[in-house]
Amino acid sequence: MQYYSTRDQQKIRGLLASEAIEQGAAPDGGLYLPEEIPRLAGALEGATRIAELAAISLMPFFADDSLAAQLSDVTHEAFDFPVPLTRLEEQLHVLELFHGPTAAFKDFGARFLASCMQRSVLQKRRTVLVATSGDTGGAVASAFIDKPGIDVVILFPDGRVSPLQARQLTCWGANVRSFAVQGSFDDCQRLVKEAFANRDLAASLGLTSANSINVGRLLPQIVYYLLAAQKLGRPGERAPGFVVPSGNLGNVTACVLAKLMGAAIGPVILACNANQTVPEFFATGVLSVRESVATLASAMDVGDPSNLERLRQLFAGHENLQATISAVSASDEQIGTAIRDSNARWGRVWCPHTATALHALARLPAERLKEREWVLVATAHAAKFAEVVEPLIGARVALPAALEALLERPVEYQQLRPRLSDLASAIS
Ligand SMILES: *Cc1c(COP(=O)(O)O)cnc(C)c1O
């Protein structure tokens, strides 16, 4: 399988999977996509465990690549936690993606990417540099800890991540170093871009990226959609609909890829917070990028979602896109109502991101709800956002054991001024 860039498709193409993964973003600023979308084969039916399903279904994406022979090892190492599909009501299910080590769905992509990079023969020594506003840094650190030959550098905005997220970003040691940057998330991202643009620095450290535009984080996210579609198994016109909490649109792009591969997936609804770029684009066809606004679903506070470029590439023309996907926005108040209502109705407590999906579902007309099964995608454990959720429901939310264990580790990080020269001397 060969990969091409969404931007300069004439010039940047013909990369194999591990080359696209190693590069992260394309040199023209575009995102890598596979030249073809492989169709699912009947062989999937026998695979019931997610690691097996992943090894079979992702194999065509690694055709001709040196990682193909090790793909089964990669998927068994990366997907070693449960992925329950639980039922709330007769035709309403929740795909729980928060049972990995850092209790958010970012674990799927980060763990798969780490296992691939560890086995890739393209570079001897590398430094994974990530800017994070919260969840990504923890998932990447947890996935890369103690991987031989790989250093991890995490930049986060000092004082602007939640207390639990701060612990998760700074409790690693070993090959993971964390820096509290005196500035905003945008400053962190700018530093990362400047570091990559400095060829000497990038080459001497073997800089590589683990952010969500890396195709090595996108591909593994396809698998849980295949799993859910297989379990609910109703292809054709009545295939289940999926509601996906969305920010940078990586998760929903994976859902769409699974559908294009032939999985039994019906309509796809994008659930957004008060950041209006995406809902407005789906309603009008006009893209107007803006500054992000802060909401209760903070991991989705994105004003300029990178993966929209991939979605537009996968569908020729806005009408085709609209025929499959729609988008709904939830205000903070509606997020709060959804969390309280779910607790009262089903005794289940969800994180603010998952609550945007509950809101989108509640907005569907009753006849649309009845015509098929629906799957809500749950992206993080509610305990990660206890300061939002607990006052709403008036009760404590217990931490999952994996998070509890992280909180017991000692914290270790350095302060950093947002200047490339400071970063370079700190990590060289
Ligand atoms: C990152 C994240 C999202 C948004 O996912 P995208 O792939 O960026 O659309 C939603 N919920 C949680 C909990 C996240 O961490």
Side-chain angles (χ1 to χ4, degrees), residues 31 94-110 112-113 130-140 142-143 156 161-162 164-165 168-169 185 189 210-222 224-225 242-258 268-275 277-279 281-282 292 295-311 325 327-330 335 338-339 349-360 376-386 388-389 400 403:
L31 280 64
V94 182
L95 181 59
E96 298 184 10
L97 303 181
F98 51 76
H99 296 279
T102 69
F105 83 93
K106 304 280 196 305
D107 283 326
F108 288 89
F112 185 87
L113 181 68
V130 266
T132 183
S133 59
D135 283 337
T136 294
V140 167
S142 157
F156 66 95
V161 298
S162 81
L164 198 128
Q165 284 173 329
Q168 234 182 28
L169 292 170
F185 172 62
Q189 248 183 338
N211 70 13
S212 74
I213 58 180
N214 193 314
V215 77
R217 281 185 50 183
L218 180 66
L219 297 176
Q221 294 177 174
I222 295 173
Y224 44 76
Y225 291 106
F242 284 71
V243 192
V244 187
S246 294
N248 222 3
L249 308 185
N251 203 0
V252 77
T253 301
C255 181
V256 165
L257 282 169
V268 176
I269 300 179
L270 270 163
C272 299
N273 57 26
N275 285 279
T277 307
V278 170
F281 169 72
F282 277 89
S292 66
T295 74
L296 294 180
S298 54
M300 292 160 37
D301 291 346
V302 181
D304 183 5
S306 323
N307 280 292
L308 192 55
E309 200 162 320
R310 281 198 173 111
L311 278 182
I325 312 175
V328 174
S329 156
I335 288 173
I339 291 172
V349 182
W350 307 107
C351 83
H353 311 83
T354 307
T356 65
L358 281 162
H359 170 75
L376 287 170
V377 176
T379 50
H381 194 288
K384 275 194 107 167
F385 303 91
V388 174
V389 172
L403 282 187

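Each residue takes its place number in the sequence, starting with 1. Order of appearance sets the numbers: ligands from 1, and atoms from 1 within every ligand.
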Suppose I only count heavy atoms of Gly250 and a 4.0 Å limit; which atoms of ligand 1 are within that range? 6 (P), 7 (O), 9 (O)
Ala380 heavy atoms, cut-off 4.0 Å: which ligand 1 atoms fall inside? 13 (C)
For the residue pair Met300 and Thr295, establish whether any side-chain heavy-atom pair is separated by less than 4.5 Å. no
My understanding is that only residues two or more places apart in sequence, or in another chain, count here; which of them pass side chain to side chain donor-acceptor pair (under 3.5 Å) with Gln189? none
Partner set under side chain to side chain donor-acceptor pair (under 3.5 Å) for Gln221, not counting sequence neighbours: none
Which heavy atom of the protein is the closest neighbour of [atom], given with residue, atom name and distance?
atom: atom 4 (C) of ligand 1; value: Gly247 N, 3.7 Å
atom: atom 11 (N) of ligand 1; value: Thr379 OG1, 2.9 Å
atom: atom 14 (C) of ligand 1; value: Lys106 NZ, 2.9 Å
atom: atom 10 (C) of ligand 1; value: Met300 CG, 3.6 Å

Mind checking whether [X] has an N or O less than 3.5 Å away from an N or O of ligand 1?
X: Cys351; value: no
X: Asn251; value: yes
X: Asn248; value: yes
X: Phe105; value: no

Can you list the steps and then say if Leu218 with Leu257 is a side-chain contact (heavy atoms from CB on, under 4.5 Å)? CA-CA 10 Å; Leu218 180 66; Leu257 282 169; 3.9 Å; yes
Assess, by modelled atom type and distance only, whether the side chains of Thr356 and Asn273 contain a donor and an acceptor separated by less than 3.5 Å. no
Do Arg310 and Asn307 meet the criterion of a side-chain donor-acceptor pair at a distance under 3.5 Å? yes
For the side chain of Asn214 and the backbone of Gly216, is there at least one donor-acceptor N/O pair under 3.5 Å apart? yes
Have a look at ligand 1 and work out which part of Leu249, if any, has a heavy atom under 4.0 Å from it: side chain, backbone, both or neither. backbone
Would you say Ser212 contacts ligand 1, with heavy atoms under 4.0 Å as the rule? no
Under the criterion side-chain contact (heavy atoms from CB on, under 4.5 Å), I'd like the reasoning laid out for His359 against Ile335: C-alpha separation, chi angles, the key distance, then a yes or no. CA-CA 7 Å; His359 170 75; Ile335 288 173; over 6 Å; no
